[in-house]
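Input: a single structure, listed below in structure tokens.
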Number of protein chains: 2
Amino acid sequence: MQIVQQSLADQIYTELKNSILRGELAPREKIREDELASRFGVSRTPVREAIRRLSDYGLVNLAPRSHAAIAGISDKEARDIADLRVELECFAIDHISGELLEERLPELSRYAAECIYALSIGERDRSFSEDSLFHIALVETSGNAALAEVYRRLDARIQLLRVKQNLDEDRLVGYLNQHSELLSLMKAGKTDEAKKLIRIHVLHSEA
Amino acid sequence: MQIVQQSLADQIYTELKNSILRGELAPREKIREDELASRFGVSRTPVREAIRRLSDYGLVNLAPRSHAAIAGISDKEARDIADLRVELECFAIDHISGELLEERLPELSRYAAECIYALSIGERDRSFSEDSLFHIALVETSGNAALAEVYRRLDARIQLLRVKQNLDEDRLVGYLNQHSELLSLMKAGKTDEAKKLIRIHVLHSEA
DNA sequence: TTCAGGAACATTGTACACAATAAACATTGA
DNA sequence: TCAATGTTTATTGTGTACAATGTTCCTGAA
């Protein structure tokens with residue numbers, strides 16, 4: 001078995017990303033390479049690379065010769081991202097063929113179930129990440145790799161948004177149940193209804 | 001006056017990007033940090049950072065512990081990217097308000113004119129980059145920052161695509177003239193026709 | 001001949017040191 | 001007191017050295 005030895009930069013990137021998405025690092029908070037390096041017990045080099053990558057995914061803001069800072073999301077940005085999500089996911093749904101859907105359905109169903117299960121045992125973070133996986137898989141099912149790539153990039157900020165929104169438990173359950181509902185509509189070939197549901201789902205708007 | 005001193009990594013990123021987009025570095029070609037460092041007369045550190053960033057923009061493929069390689073675009077990817085472009089730009093057009101259009105119109109018109117002028121004096125590369133600027137500005141005019149960011153990211157590969165397509169001069173002129181035609185339609189509020197034209201424009205399909 | 005194993009080499013990953021610049025602070029004059 | 005300016009300090013940008021790993025080529029046995 002091939003042990004995929006992740007680079008330190010990869011590990012630190014993942015760690016920092018999780019910290020940010022768990023809200024342990026607040027928006028606008030300054031980041032110092034030196035401090036993180038000693039915290040992780042490595043040199044600045046991989047930390048620096050991790051920070052650059054976080055910046056590429058829009059999780060930190062980088063000003064040249066100046067401190068990096070954890071990125072926040074304004075209300076306007078939140079709306080923009082949500083609007084864009086609706087567009088991208090509807091585009092995906094329009095392009096999902098029956099065969100590809102069939103193929104990916106078990107995976108999609110699993111994510112949908114995991115979301116709800118994780119929430120029920122109090123693992124809100126994991127529920128959120130499974131939610132992300134569901135939507136990423138949905139978009140991938142379109143077969144359009146460029147779309148999938150763009151969406152994966154957007155996902156980091158979508159996750160940031162979820163944390164910020166901080167929905168209460170009841171609404172969250174209702175929200176997560178829409179996943180399997182969506183799959184049913186798609187299986188039945190009700191594309192237009194599926195797109196309507198996505199809009200409601202993403203914008204958290206009522207019917 | 002504030003002199004914005006670009007970092008070496010920035011400069012090298014730009015240089016390499018241009019080299020790739022000019023086709024001086026062929027797809028699948030291997031990249032060695034060491035070689036580039038000595039070519040640019042700097043250490044590996046900024047070169048490394050530039051390569052990472054190129055990878056983030058999809059211009060080079062990066063495998064851990066292995067060589068980086070200039071990215072190519074398959075026919076399937078080309079279609080995917082074009083489809084996605086149509087979607088994103090139509091989304092933008094739908095969201096462009098009269099006021100924002102008014103504000104940006106001079107800039108858009110200038111890009112449209114520069115495209116044609118640059119081509120007429122044989123500067124095909126510059127014509128292409130002005131073409132990119134036109135479409136980026138168009139998308140920015142929507143006022144949706146998330147959309148603009150996503151599109152700018154996609155732009156690197158769109159440029160790669162243009163080089164690969166290598167349209168003949170005649171078709172290119174016709175293609176570039178569609179820019180001002182598009183602006184006219186939008187000014188007249190003929191949104192649906194503008195979207196139809198974008199589809200034709202991007203997919204290079206006839207009416 | 002061909003395949004397995006290993007040694008030599010090439011190249012990336014990381015640590016560390018120094019240089020360059022921005023931020024913070026103190027000092028002086030009004 | 002306050003503003004302007006010089007000085008110190010903190011932090012990022014870059015260069016260099018070494019470590020870890022992947023690659024290539026050779027050797028020898030089936």
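Letters A, B, ... mirror the listed sequences (proteins, then strands); counts begin at 1. What you see is a predicted model, and the numbers here were worked out from it, not measured in a lab.
- In this structure, A:Arg157 fails the cation-pi test against A:Tyr57, since its NZ or CZ atom is not both closer than 6.0 Å to the six-membered ring centre and inside 45 degrees of the ring normal.
- D:dT14 atom C1' lies 16 Å from atom CZ of B:Phe40, rounded to whole Å.
- At least one side-chain nitrogen or oxygen of B:Arg32 sits closer than 4.0 Å to the OP1 or OP2 atom of C:dT11.
- Among the heavy atoms of the strands lying under 4.0 Å from B:Ile31 are primed sugar atoms or P, OP1, OP2 only; no base atom is included.
- Between B:Asp10 atom CG and D:dG13 atom C1' there is a gap of 11 Å when expressed in whole angstrom units.
- As a whole-Å value, the separation of A:Tyr13 OH from C:dG13 P is 17 Å.
- Taking the nucleotide of DNA chain D with the nearest heavy atom to each of B:Ala9 and B:Arg44, the more 5' of the two is matched to B:Ala9.
- Between the side chain of B:Asn144 and the main chain of A:Asp80, a donor-acceptor pair closer than 3.5 Å is present.
- Per the geometry, CG belonging to B:Leu62 stands 15 Å off P belonging to D:dG22, to the nearest Å.
- For the pair A:Ser66 and A:Leu8, both in contact range of DNA chain C, the more 5′-proximal nearest nucleotide belongs to A:Leu8.
- When the nucleotides D:dT16, C:dG13, C:dA15 are ranked by their closest atom to the side chain of B:Ser43, D:dT16 comes out on top.
- Annotation: B:Lys30, atom NZ; neighbour count of heavy atoms from other residues, nucleotides and ligands within 6.0 Å does not exceed 12.
- Per the geometry, CZ belonging to B:Arg65 stands 13 Å off C1' belonging to D:dT23, to the nearest Å.
- Here B:Arg48 reaches the OP1 or OP2 of C:dG13: one of its side-chain N or O atoms lies under 4.0 Å away.
- B:His67 has its NE2 atom 12 Å from the C1' atom of C:dC9, to the nearest Å.
- As a whole-Å value, the separation of A:Glu49 CD from D:dT14 P is 15 Å.
- The side chain of B:Pro46 lies closest to D:dG15, out of C:dA15, D:dG15, C:dG13.
- Not a single donor-acceptor pair, N or O on each side, falls under 3.5 Å between the base of C:dG13 and the side chain of A:Ser7.
- Residue A:Asp34 contributes atom CG, which lies 12 Å from atom P of C:dA17 at whole-angstrom precision.
- We find that A:Arg162 and A:Asp131 are joined by a salt bridge, their nearest charged nitrogen and carboxylate oxygen being less than 4.0 Å apart.
- Taking the six-membered ring for Trp and the full ring otherwise, the centers of B:Tyr111 and B:His179 sit at least 6.0 Å from each other.
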